[in-house]
S.K.: 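Below you will find the structure I want to go over with you.
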Amino acid sequence: MKFAVKKCVAWGDGKASTEDWYAFANNRSLNTQTLTLPELKQMPAMQRRRLSPFAKITLHCALAACESYEKTVPSVFSSRHGDLHKTSKLIADVASKEALSPTHFGLSVHNAVGGLFSIFTGNKAPLSAVSAGEDSFFMGLVDAVSKLHAYNYDRILYVYSDLAVPEHYQAYVQQQADNLAIGLLIEKSTGQNGFNLEFEVNEKASELGQLQGFDFLRFYFSTSEQLTVESKRYQWQLSRA
């Protein structure tokens with residue numbers, strides 16, 4: 001699967017600028033434990049106040065990556081857990097027999113942030129939401145690149161995001177307590193500065209602890225020619241064209 005990345009925007013623990021991610025890719029020391037939140041000044045204050053940390057970092061990357069195409073670009077949003085902190089609060093409210101907030105429920109579903117992006121930008125192009133366990137980053141990328149070629153789009157926006165799961169769920173996941181959002185404006189490859197993604201079934205006994213998005217960013221912001229990532233179910237290979 002061949003594609004090109006016109007723009008890459010990422011936000012994570014102690015890493016918000018392109019310079020931060022180049023430093024990360026080249027193993028220079030950075031604060032990896034502090035998640036600051038984007039200001040999202042382009043959104044009205046009333047809308048910003050309703051946004052969770054998950055929604056804020058996701059929307060920041062989506063809006064920054066789509067450039068001037070925000071009203072027309074089709075999009076794919078991917079996340080393993082979605083806004084699990086908000087969902088966990090709703091579950092706790094049910095357990096304690098408290099009334100559920102319709103607004104909180106509406107903003108907890110898996111495609112909620114994609115819907116917020118669509119509403120804020122006035123974008124009526126096709127949008128999908130993906131979740132594929134440990135492979136959510138790469139499977140979302142597969143979905144985006146497949147749509148790019150199948151529907152002959154000029155470009156497509158791909159956004160991936162995950163936060164560290166709430167403390168009472170951490171014993172049940174291999175994922176490290178990291179926070180990350182990535183926005184990619186993807187176009188067809190012209191043979192220069194492009195990428196090729198391949199994968200095959202590869203069953204393993206356990207999952208990896210690091211989010212696949214970090215593997216991608218370390219590769220993207222480096223001079224490496226190839227990346228191989230083995231998950232519990234797949235082997236992913238990403239190379240420069």
S.K.: Could you give all pairs that pass the salt bridge (charged side-chain N to carboxylate O under 4.0 Å, His left out) test and reach residues 67-83, with sequence neighbours left out?
M.R.: K6-E67, R80-E207
S.K.: Under 3.5 Å, is there a donor-acceptor pair between the Q210 and D178 side chains?
M.R.: no
S.K.: Do you know which of L84, L35, L180 makes side-chain contact (heavy atoms from CB on, under 4.5 Å) with L163?
M.R.: L35
S.K.: Is the closest side-chain donor-acceptor distance between D143 and S128 under 3.5 Å?
M.R.: yes
S.K.: Within a radius of less than 6.0 Å around CZ of R48, do more than 12 heavy atoms belonging to other residues, nucleotides or ligands occur?
M.R.: yes
S.K.: What distance separates S17 OG from Y22 OH, expressed to the nearest 0.5 Å?
M.R.: 11.0 Å
S.K.: Which heavy atom in F137 sits nearest to a heavy atom in Y158, and how many Å separate them?
M.R.: O-OH, 2.5 Å
S.K.: Do W236 and N202 get their side chains close enough for a donor-acceptor pair, meaning under 3.5 Å?
M.R.: no
S.K.: Is E39 atom CD crowded by more than 12 heavy atoms from other residues, nucleotides or ligands, each under 6.0 Å away?
M.R.: no
S.K.: Rounded at 0.5 Å granularity, tell me how far NE2 in H110 sits from CZ in F77.
M.R.: 11.0 Å
S.K.: Using every non-hydrogen atom in the two residues, find where F195 and L238 come nearest and quote the distance to one decimal.
M.R.: CB-CD1, 3.9 Å
S.K.: What are the two closest heavy atoms between S189 and G194, and how far apart are they?
M.R.: OG-CA, 3.8 Å
S.K.: Is M46 reachable from V113 through a run of I, L, V, M, F, W or Y residues, each pair having side-chain heavy atoms under 4.5 Å apart?
M.R.: no
S.K.: Passes side chain to side chain contact (heavy atoms under 4.5 Å, CB included), V142 versus F199? Steps please.
M.R.: CA-CA 10 Å; V142 167; F199 64 100; 3.9 Å; yes
S.K.: Ignoring hydrogens and geometry, is there a side-chain-to-backbone donor-acceptor pair from H149 to K2 under 3.5 Å?
M.R.: yes
S.K.: Can a donor-acceptor pair be found between the side chains of R218 and N27 at a distance below 3.5 Å?
M.R.: yes
S.K.: Only one of N123, I156, L157 forms a side-chain contact (heavy atoms from CB on, under 4.5 Å) with P74, so which one is it?
M.R.: I156
S.K.: May I ask you to say whether K232 pairs ionically with E134, meaning some side-chain N is under 4.0 Å from a carboxylate O?
M.R.: no
S.K.: Using side chain to side chain donor-acceptor pair (under 3.5 Å) as the criterion, point out the one residue from N111, T58, D162 that pairs with S79.
M.R.: D162
S.K.: Measure the spacing between CZ of F3 and CD of E187 and express it to the nearest 0.5 Å.
M.R.: 12.5 Å
